[in-house]
Amino acid sequence: MVMRRLSSFVLCVGLLACGGDDGPPDVDGGADASPALCTSDVSCDDAVYCNGVERCAPAAATADARGCIAGTPPCPTGVRCLEAQARCETDCDTQPDADGDGYAAVECGGEDCDDSDPSIHPGATEICDAEGVDEDCDPSTLGPDGDGDGFVATGCCNVQPAGDLRCGTDCDDTDPTIFPGASELCNGVDDDCNGLVDDVRTGIVACVFEESRACVTTCGLAGQQVCLACETFDACRAPEACNACDDDLDGAVDEDFECVRLQVSTCETACGTAGTQTCSLECTLPTCWASSETCNYCDDNGIDGIRDEKVLATGTSQRALDCGGVQFVGTAACESEVQTFHGTTVVDTFVQLLDGASAGQAGGAWWVVDDFMGWGPVDMEVHFEARALSSDGPPLGEWSVIFQGGAARLSTLVGEGVSATWNWSYENHWGVSLGDAYRLGGASGTSVGYALYDGGYKNISSGAGRTPLDSAGQGWARQRVRLRYTPDDPTTGVNEERLELWLGGQLVDTVTAAPAGSPTIYDRPLRDELPVGAPLSIGIVARSAANLGMFTGVPIQARAWVMTRAFTGPTSTTDTYGHLERYAICP
């Protein structure tokens with residue numbers, strides 16, 4: 001107010017009256033000039049006290065071309081306005097308290113700094129205003145402290161005796177933690193009211209709370225940097241990608257994926273051998289493979305299946321087929337007894353396959369061998385005996401020797417596999433009477449229709465001292481058989497699978513593989529039923545006439561001798577039998 005009064009005095013010197021309020025003249029006096037609209041009350045102030053305070057209100061109906069409206073004269077009607085003193089003339093003799101607020105005007109020796117306004121006087125409540133009105137006539141009071149922190153808001157001002165405007169310094173008078181001199185925090189707020197936000201290092205704004213900016217990571221990806229405690233930006237990070245790099249800087253590489261890109265690690269193959277795996281370009285683990293093949297009938301290195309094991313298969317093994325681990329079907333049982341063969345006493349273990357109590361009974365035995373088919377042949381040697389249990393007719397029946405891959409099928413008498421079958425009949429398939437004799441089912445020629453007895457092929461129904469097979473259990477007919485099964489070699493383009501049958505040291509028949517669609521005679525032909533490396537089981541099964549569905553006859557009893565400690569026939573040759581031999585197997 002003092003500055004305004006002084007300027008008013010200077011402008012009004014020599015004027016008889018200062019009450020005119022026509023606004024400032026045109027800058028250039030041109031009739032066509034368009035004055036600029038005001039932007040604040042200050043731009044409308046003509047610095048004349050006695051015509052009141054002008055305001056900027058372009059929307060008001062009384063506004064001039066600049067948008068300014070005239071002020072209200074400060075002196076009541078009849079009271080002279082003293083422009084030089086910027087006050088209304090006061091009659092101290094008759095009216096020292098012109099505004100009637102109980103306080104005499106300053107010029108009358110009182111304390112009322114504005115005797116024209118009854119709301120202004122000592123003891124009045126100081127109001128927070130930016131215009132600098134001194135309601136309590138105390139320039140040192142600026143207004144109330146809204147938040148009680150000892151500082152008044154920046155919008156609270158008072159004109160000082162020297163004429164300058166003094167205002168408060170609290171930039172947020174609603175928060176007691178915000179005031180000049182407060183500690184600046186990293187929170188997006190100007191806590192110390194110095195005009196800078198988050199300058200935790202005074203006067204320096206490195207970055208503000210939660211600010212982020214684009215960047216490129218050390219892994220070469222587009223990332224983001226976040227303001228770190230308003231001191232600096234942290235390292236550039238990006239979501240983890242499959243690139244063998246720590247994109248998110250958490251100390252782990254490719255942790256959101258199955259493996260680290262292109263990383264080589266040790267592992268265990270499906271064969272149980274040590275291997276390696278290289279993480280793919282997509283950070284997925286491939287199958288674990290070994291660097292080289294192990295001879296174990298399992299594909300260790302993932303190359304060509306198990307075919308590359310063939311050069312490693314050099315072992316040979318022999319296994320006795322005894323009662324240990326044997327599994328039975330029907331009425332079969334495993335026993336051990338002392339027998340005398342042609343004057344020689346031996347201890348034999350045998351499997352009783354059929355007890356002959358009825359025509360429908362049958363029995364079988366499986367040896368589940370914890371071995372595998374090798375690249376070379378498998379030989380099985382077994383001694384059989386059979387006899388009729390009734391004299392009502394010729395005995396009819398059969399037994400089968402079965403090689404099977406995988407677990408034994410105990411629910412069936414003949415499992416899936418390569419089966420070699422012998423049966424006995426009064427007539428063979430060609431209508432030739434052979435008497436009571438064994439016949440090799442499906443074998444070529446008629447000579448094998450006779451049982452092997454005393455080292456040769458003979459008709460057991462004739463000859464001195466021999467009992468016909470159909471005379472109610474009066475005698476046993478014996479036969480020793482050696483089977484040689486050769487699996488297919490998958491490394492070649494042909495099928496080498498074959499089954500050879502040996503009687504008395506002689507090869508009597510060979511069953512080979514045949515093209516698909518060929519007719520099957522009994523168990524012929526072979527069609528890759530036992531691949532190299534397949535688990536191997538051996539089965540011996542006997543059946544009576546009722547099981548065959550193709551012959552009639554009396555029940556028989558058959559037993560297979562699977563191990564003999566010693567055997568010496570009339571020819572003085574020593575033969576061993578009842579074992580399984582494998583050639584060219586993996587160690």
Would you list the atom pairs, donor with acceptor, under 3.5 Å between side chains in residues 220-232 and any protein atom, with sequence neighbours excluded?
unit_1	atom_1	unit_2	atom_2	d
Gln225	OE1	Arg213	NE	3.0
Gln225	NE2	Asp234	O	3.0
Glu231	OE1	Arg201	NE	3.0

Between [atom1] on residue [X] and [atom2] on residue [Y], distance to nearest 0.5 Å:
| X | Y | atom1 | atom2 | answer |
| --- | --- | --- | --- | --- |
| Glu309 | Asn296 | CD | CG | 5.0 Å |
| Thr177 | Asp149 | OG1 | CG | 8.5 Å |
| Leu353 | Phe328 | CG | CZ | 9.5 Å |
| Cys242 | Leu262 | SG | CG | 8.0 Å |
| Met373 | Tyr485 | CE | OH | 5.5 Å |
| Cys193 | Ile178 | SG | CD1 | 6.5 Å |

Check the pair Glu240, Asp254 against side chain to side chain contact (heavy atoms under 4.5 Å, CB included), reporting the backbone distance first and the verdict last. CA-CA 6 Å; Glu240 195 68 19; Asp254 295 347; 3.8 Å; yes
Nearest heavy-atom pair of [X] and [Y]: which atoms, and what distance?
| X | Y | result |
| --- | --- | --- |
| Cys283 | Phe257 | CB-CB, 3.5 Å |
| Asp300 | Cys271 | OD1-CB, 3.3 Å |
| Ile585 | Thr316 | CG1-N, 4.0 Å |
| Glu184 | Val189 | OE2-O, 2.9 Å |
| Leu249 | Cys236 | CD1-O, 3.6 Å |
| Trp375 | Pro490 | CZ3-CD, 3.6 Å |

What I'd like to find out is whether the side chain of Asp147 reaches to under 4.5 Å of the side chain of Thr174, using heavy atoms alone. no
Are the side chain of [X] and the backbone N or O of [Y] linked by a donor-acceptor pair below 3.5 Å?
| X | Y | result |
| --- | --- | --- |
| Asp299 | Ile306 | no |
| Asp489 | Asn495 | no |
| Arg237 | Asp250 | no |
| Asp191 | Ala182 | no |
| Gln352 | Ala333 | no |
| Asp246 | Gly251 | yes |

Residue pair Arg307 / Thr491, side-chain donor-acceptor N/O under 3.5 Å: no
Walk me through whether Asp190 and Val197 qualify under side chain to side chain contact (heavy atoms under 4.5 Å, CB included). CA-CA 4 Å; Asp190 182 11; Val197 175; 4.2 Å; yes
Mind checking ring pair (Phe, Tyr, Trp, His ring centres under 6.0 Å) for Phe179 and listing every partner two or more places apart, or none if nothing turns up? Phe151
For Arg484, is there an ion pair with Asp379 - N to carboxylate O distance below 4.0 angstrom? yes
How far apart are the C-alpha atoms of Arg319 and Leu536, what are their side-chain angles, what is the distance that settles it, and do they pass the side chain to side chain contact (heavy atoms under 4.5 Å, CB included) test? CA-CA 12 Å; Arg319 178 183 295 274; Leu536 183 60; over 6 Å; no
What's the verdict on side chain to side chain contact (heavy atoms under 4.5 Å, CB included) for Val200 and Leu185, showing C-alpha distance, side-chain angles and the deciding distance? CA-CA 6 Å; Val200 293; Leu185 304 177; 5.9 Å; no
Tell me whether Cys279 and Cys259 have SG atoms closer together than 2.5 Å.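 Yes, because the SG atoms of Cys279 and Cys259 sit under 2.5 Å apart, which meets the disulfide cut-off.
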